[in-house]
Protein chains: 2
Amino acid sequence: MPAKGARYHHGDLRPAMVDAAVDVIAERGVRDFSMAEASRRLGVTTAAPYRHFADRDELLAAVAVRGLSVFAAMLSAAADGASAPDQRLAAMAGAYVRFAATQRPLFAALFSSGLDKSRHPELQRAWEPVDALLTTAVLEVCQGDEGAADALGDAIEATAHGYAMLLTDGEYGDGQIAVDATADRAIASARALIAGRAALPS
Amino acid sequence: MPAKGARYHHGDLRPAMVDAAVDVIAERGVRDFSMAEASRRLGVTTAAPYRHFADRDELLAAVAVRGLSVFAAMLSAAADGASAPDQRLAAMAGAYVRFAATQRPLFAALFSSGLDKSRHPELQRAWEPVDALLTTAVLEVCQGDEGAADALGDAIEATAHGYAMLLTDGEYGDGQIAVDATADRAIASARALIAGRAALPS
DNA sequence: GTCTATATCCCGATAGAC
DNA sequence: GTCTATCGGGATATAGAC
């Protein structure tokens with residue numbers, strides 16, 4: 001905080017805007033997030049951010065990119081906590097739900113922002129580690145059968161995503177109990193999908 | 001269309017607004033839906049709708065209510081097309097995805113509008129037939145075991161919902177092929193969950 | 001039941017000074 | 001790299017006339 005004059009110069013506005021955006025999304029939701037509000041919280045003019053972000057979507061994309069690194073870390077940590085391939089994969093489904101619940105603004109930036117991924121190459125690149133973690137885990141379970149792994153991977157992703165969306169929509173109630181219960185259900189569902197995967201196409 | 005003067009009197013604005021809202025949502029998405037735009041399409045002032053809807057959310061809720069009747073009809077039709085309980089339940093998962101894909105604006109009003117269900121009792125009531133259809137189908141599969149039915153029902157709902165959301169987000173591409181493939185995957189996943197349901201809590 | 005008119009507010013984005 | 005100032009647009013919602 002440079003104590004120069006009454007005027008505020010930030011000095012490192014870009015990352016600060018990402019932080020502020022996360023806060024605004026947390027309080028208002030992605031759909032009501034605005035550059036103007038985020039700027040105000042930093043004590044900066046609404047014009048300032050445009051030196052760092054071409055437009056609103058680019059700031060949202062930066063939030064999403066940060067989200068993906070957190071997401072990848074949580075998935076990775078969950079996988080490391082399990083030994084058998086089946087357990088690893090199931091644990092990742094649980095981590096998916098926990099990411100959504102504990103990092104709501106980041107999850108929202110990723111899945112409810114209406115961002116067109118194809119217009120943001122950095123975002124596409126940021127997905128790669130996450131995709132790789134899931135692909136690796138599911139391939140282990142399927143022992144290299146790529147067709148089977150594809151179907152099982154999509155099924156588990158969809159299930160985890162569904163639980164995550166319904167949870168963040170309040171469908172299962174609020175609070176830590178709902179989060180824990182939903183994560184457990186996602187884990188159990190992943191196990192059920194693995195057990196019943198003969199019914200999936202390959 | 002009363003050919004009175006240059007002035008437009010609608011006469012049946014309430015349902016017409018719901019139609020117009022669906023169109024606007026289809027083109028702009030729920031988040032960018034506005035009363036003003038819907039009014040314009042009907043050739044009516046932006047003030048007129050407020051005789052019929054207290055506010056924007058009430059119009060959105062009316063769209064959602066209409067959506068639920070279509071949803072229930074599609075789920076019911078899918079169930080009727082299958083004989084065995086397992087097949088019925090799996091078919092409903094497919095119908096869930098098809099509803100999302102073919103009735104995007106209605107699906108969006110239901111799940112991406114940010115509507116607080118508890119503030120709209122009509123909406124809560126409109127959910128009942130849908131819930132009943134799913135509950136009945138899953139109870140048949142579980143032969144009356146309510147605990148098991150609850151877990152399996154949630155799992156299948158979450159899976160169908162996840163596929164539906166990812167499909168409408170463009171994750172699987174556009175077009176009829178993607179819709180068909182995703183519906184098939186939802187059906188197969190439901191079968192896998194049924195087959196592996198021993199892994200679910202009861 | 002709809003219209004005219006209006007109050008109020010917020011947003012994204014740009015130009016040009018410092 | 002941030003500020004001042006501003007343009008142009010759109011939204012919700014209300015008051016009062018017809």
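If you're wondering where the values come from, they're calculated on a predicted model, not measured in any experiment. Side chains included, hydrogens not; waters and symmetry mates left out as well; all remaining heavy atoms used. To find a chain, count down the sequence lines: A is the first, B the second, and so on, and within it residues start at 1.
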Nucleotide [N], atom [atom2] - distance to [atom1] of [X] in whole Å:
X	N	atom1	atom2	value
B:His52	D:dT14	NE2	P	15 Å
A:Arg51	D:dT4	CZ	P	15 Å
B:Met17	C:dG1	CE	C1'	14 Å
B:Arg14	C:dT2	CZ	C1'	17 Å
B:Glu58	D:dA13	CD	C1'	14 Å

Between the protein and nucleotides 7-11 of chain D, which nitrogen or oxygen pairs are less than 3.5 angstrom apart?
from	atom 1	to	atom 2	distance (Å)
D:dA11	OP1	B:Arg28	NH1	3.4
D:dA11	OP1	B:Ser34	OG	2.9
D:dA11	OP2	B:Arg40	NH2	2.5

The side chain of B:Tyr50 lies closest to which of these nucleotides: D:dT12, C:dG1, D:dT2?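 Comparing D:dT12, C:dG1, D:dT2 against the side chain of B:Tyr50, the answer is D:dT12.
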Selected nucleotide, minimal atom distance to A:Leu13 side chain, candidates D:dT4, D:dT2, C:dT4: D:dT2
Base, sugar-phosphate or nothing for A:Ala48? Non-hydrogen atoms, less than 4.0 Å. sugar-phosphate
Using a heavy-atom distance cut-off of less than 4.0 Å, which residues of residues 108-119 of chain A contact DNA chain D? none
side-chain hydrogen bond (donor to acceptor under 3.5 Å, both in side chains) partners for B:Glu122, two or more places apart: none
Pairing residues for B:Asp19 by the salt bridge (Lys or Arg N to Asp or Glu O under 4.0 Å) criterion, not counting sequence neighbours: B:Arg66
Minimum heavy-atom separation for B:Arg104 to B:Leu167, with atom names? NH2-O, 4.2 Å
Which atoms form the tightest heavy-atom contact between B:Gly173 and B:Ala178, and what is the distance?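 Residues B:Gly173 and B:Ala178, closest heavy atoms: O-CB, 3.7 Å.
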So which pairs with a foot in residues 152-173 of chain B pass salt bridge (Lys or Arg N to Asp or Glu O under 4.0 Å), sequence neighbours left out? A:Lys117-B:Glu171, A:Arg185-B:Asp154
Does A:Glu128 come within less than 4.0 Å of A:Arg125, counting only side-chain N to carboxylate O? no
Going by heavy atoms in the side chains, are B:Leu68 and B:Leu123 under 4.5 Å from each other? yes
If each of B:Ala47 and A:Asp57 is mapped to the nucleotide of DNA chain C with the nearest heavy atom, which maps nearer the 5' terminus, i.e. the 5' end? B:Ala47
Ring pair (Phe, Tyr, Trp, His ring centres under 6.0 Å) pairs touching residues 26-73 of chain A, sequence neighbours excluded, are A:Phe71-A:Tyr96, A:Phe71-A:Phe99
With no hydrogens and no angle check, just 3.5 Å: does a side-chain donor-acceptor pair link A:Gln87 and A:Arg191?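 A:Gln87 vs A:Arg191: donor-acceptor pair found between side chains.
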